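Quick notes on the structure that follows.
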Amino acid sequence: EDDFNRIVLDEFLTPRYIPADIHRHIFKLDLRVILTQNFDKIYDTYAVNESGSTIIVKNCYDNDVSSVVRGEHRAIIKAHGTIDQPPRMIFTRKEYGNARYKYSSFYNLLDALALTHTLIFVGCGLDDPDTRMMLEKYANVSPHCRPHYIILPKGLLHNDIQDSTRQNLNLKVICYKPDNFHEELSDSIAELVTKVEAKRNELSISLDW
């Protein structure tokens, strides 16, 4: 356990990572809830500082995580815990299984978000057991609902796998060229920020939301 704690701290904390442009673009989207699978604090620290400490950061094991999501403040929810508490991080398959039992209210929250919001997965794959379980449940319980989206590098998934992902998870794959350190992904989110701001201005005039 001591070795594990040291290794994860060396990997996720000691390097003193700094935010990239993509973190800044995601912040400018001004989303009510951001759910992250990351242990590190790169985005958390940037967003909290940039917002004047008005963004609330919660972990899957916090008792009040549901009330925060239902509240009026912006929130970052860490689905697998944080590097601040390595012993409580959800890392192994056994820990995934234990978490579903111990933090069942959190997983109920994920199911509710999948039903009531459009989710966009950025910077993560489809191997996470929690993500797959949530999406499989959503796809089977509400087969005719709008899809969720995942943004992946071109060539990562075969076309047949993309079709299967849409059918079995109701998850639509959007591909981008990963050249130049994923430049197209970062630029695309920056363009999305512009479109979101334009749509919000439109809604503020029409009052049709």
Side-chain angles (χ1 to χ4, degrees), residues 8 11-12 17 20 22-23 25-26 29 31-44 58-61 65 69 75-83 89-104 106-189 192:
V8 295
E11 186 72 23
F12 295 108
Y17 296 111
I22 192 169
H23 295 107
H25 300 327
I26 291 173
L29 286 172
L31 304 172
R32 259 279 293 124
V33 177
I34 287 184
L35 186 72
T36 177
Q37 301 167 330
N38 294 338
F39 305 124
D40 65 66
K41 300 168 59 179
I42 302 172
Y43 181 77
D44 316 7
K58 287 292 179 181
N59 293 287
C60 60
Y61 43 74
V65 63
V69 171
I76 299 172
I77 311 298
K78 299 182 77 68
H80 297 157
T82 173
I83 193 63
M89 286 166 36
I90 301 172
F91 195 79
T92 65
R93 184 168 295 276
K94 181 178 179 180
E95 288 165 349
Y96 273 102
N98 289 339
R100 290 194 195 103
Y101 172 74
K102 292 172 64 177
Y103 315 127
S104 58
F106 172 73
Y107 290 95
N108 291 335
L109 173 64
L110 292 186
D111 292 339
L113 289 174
L115 283 171
T116 58
H117 292 67
T118 297
L119 306 181
I120 304 176
F121 296 89
V122 181
C124 60
L126 293 171
D127 295 331
D128 180 80
D130 292 338
T131 301
R132 291 197 68 90
M133 181 175 291
M134 174 185 66
L135 293 173
E136 285 173 355
K137 185 183 294 186
Y138 172 75
N140 285 280
V141 171
S142 307
H144 303 297
C145 284
R146 294 178 179 178
H148 298 298
Y149 298 87
I150 186 167
I151 305 174
L152 296 173
K154 286 183 177 178
L156 190 65
L157 291 183
H158 189 277
N159 289 340
D160 291 343
I161 301 298
Q162 291 188 37
D163 292 340
S164 175
T165 299
R166 179 63 186 270
Q167 292 174 15
N168 297 312
L169 303 179
N170 201 8
L171 187 66
K172 187 172 183 179
V173 179
I174 300 175
C175 296
Y176 68 92
K177 296 178 182 177
D179 305 343
N180 298 321
F181 302 100
H182 306 272
E183 182 180 36
E184 186 175 49
L185 173 61
S186 183
D187 290 346
S188 297
I189 295 179
L192 180 61

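This one's a predicted model, so the numbers in the text were calculated from it and none came from an experiment. Both backbone and side-chain heavy atoms feed into the values below; hydrogens, waters and symmetry mates do not.
Here the OH atom belonging to Tyr149 is positioned 8.0 Å from the CD1 atom belonging to Ile120, to the nearest 0.5 angstrom. In this structure, the separation between CG on Asp44 and OG1 on Thr82 is 6.5 Å, given to the nearest 0.5 Å. Here CZ of Phe91 is found 5.5 Å from CZ of Phe39. Values are rounded to the nearest 0.5 Å. Annotation: the span from Ile77 atom CD1 to Leu113 atom CG amounts to 8.5 Å, rounded to 0.5 Å. Atom CD1 of residue Ile151 and atom SG of residue Cys124 lie 9.5 Å apart, to the nearest 0.5 angstrom. Rounding to the nearest 0.5 Å places NZ of Lys41 at 14.0 Å from CZ of Phe12.
Take Glu11 and apply the side-chain hydrogen bond (donor to acceptor under 3.5 Å, both in side chains) test, not counting sequence neighbours, and it matches no residue. Residues passing the side chain to side chain contact (heavy atoms under 4.5 Å, CB included) test with Ala20, sequence neighbours excluded: Ile22, His23. Gln37 meets the side-chain hydrogen bond (donor to acceptor under 3.5 Å, both in side chains) test with Thr131; sequence neighbours excluded. Partners of Leu31 under the side chain to side chain contact (heavy atoms under 4.5 Å, CB included) rule, at least two apart in sequence or in another chain, are Leu29, Ile34. For Tyr61, there are no ring-ring contact (aromatic ring centres under 6.0 Å, His included) partners at least two apart in sequence or on another chain. By the side chain to side chain contact (heavy atoms under 4.5 Å, CB included) test, Thr116 is found to be paired with no residue, residues two or more places apart in sequence or in another chain being considered. Every residue two or more places apart in sequence or in another chain was checked for a side-chain hydrogen bond (donor to acceptor under 3.5 Å, both in side chains) with Asp127, and none qualifies. Here Tyr103 pairs with nothing under the ring-ring contact (aromatic ring centres under 6.0 Å, His included) rule; sequence neighbours left out. Under the side chain to side chain contact (heavy atoms under 4.5 Å, CB included) criterion, Arg32 pairs with Arg74, not counting sequence neighbours.
Sorted by first and then second residue, the pairs that involve residues 168-189 and meet ring pair (Phe, Tyr, Trp, His ring centres under 6.0 Å), not counting sequence neighbours, are Tyr176-His182. For residues 108-146, every residue pair satisfying the ring pair (Phe, Tyr, Trp, His ring centres under 6.0 Å) rule, not counting sequence neighbours, is listed here: Tyr138-His148.
Each of Leu126, Leu119, Ile174 was compared with Ile150 under the side-chain contact (heavy atoms from CB on, under 4.5 Å) criterion, and only Leu126 meets it.
Checked by atom type and distance alone, the side chain of Ser142 never pairs as donor or acceptor with a backbone atom of Cys145 at under 3.5 Å. Remark: the backbone N or O of Met133 is not paired with any side-chain donor or acceptor of Glu136 at under 3.5 angstrom. At distances below 3.5 Å, at least one donor-acceptor pair connects side-chain atoms of Glu184 with backbone N or O atoms of Lys177.
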In a table with atom names and distances, give each donor-acceptor pair under 3.5 Å that connects a side chain of residues 154-164 to protein atoms at least two apart or in another chain.
from: His158; atom 1: ND1; to: Asp160; atom 2: N; distance (Å): 2.9
from: Gln162; atom 1: NE2; to: Leu157; atom 2: O; distance (Å): 3.3
from: Ser164; atom 1: OG; to: Asn168; atom 2: ND2; distance (Å): 2.8

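With hydrogens and angles left out, the side-chain atoms of His80 and Asp128 include a donor and acceptor closer than 3.5 Å.
Residues Tyr43 and Asn38 are not in side-chain contact: their nearest non-hydrogen atoms beyond the backbone lie 4.5 Å or more apart.
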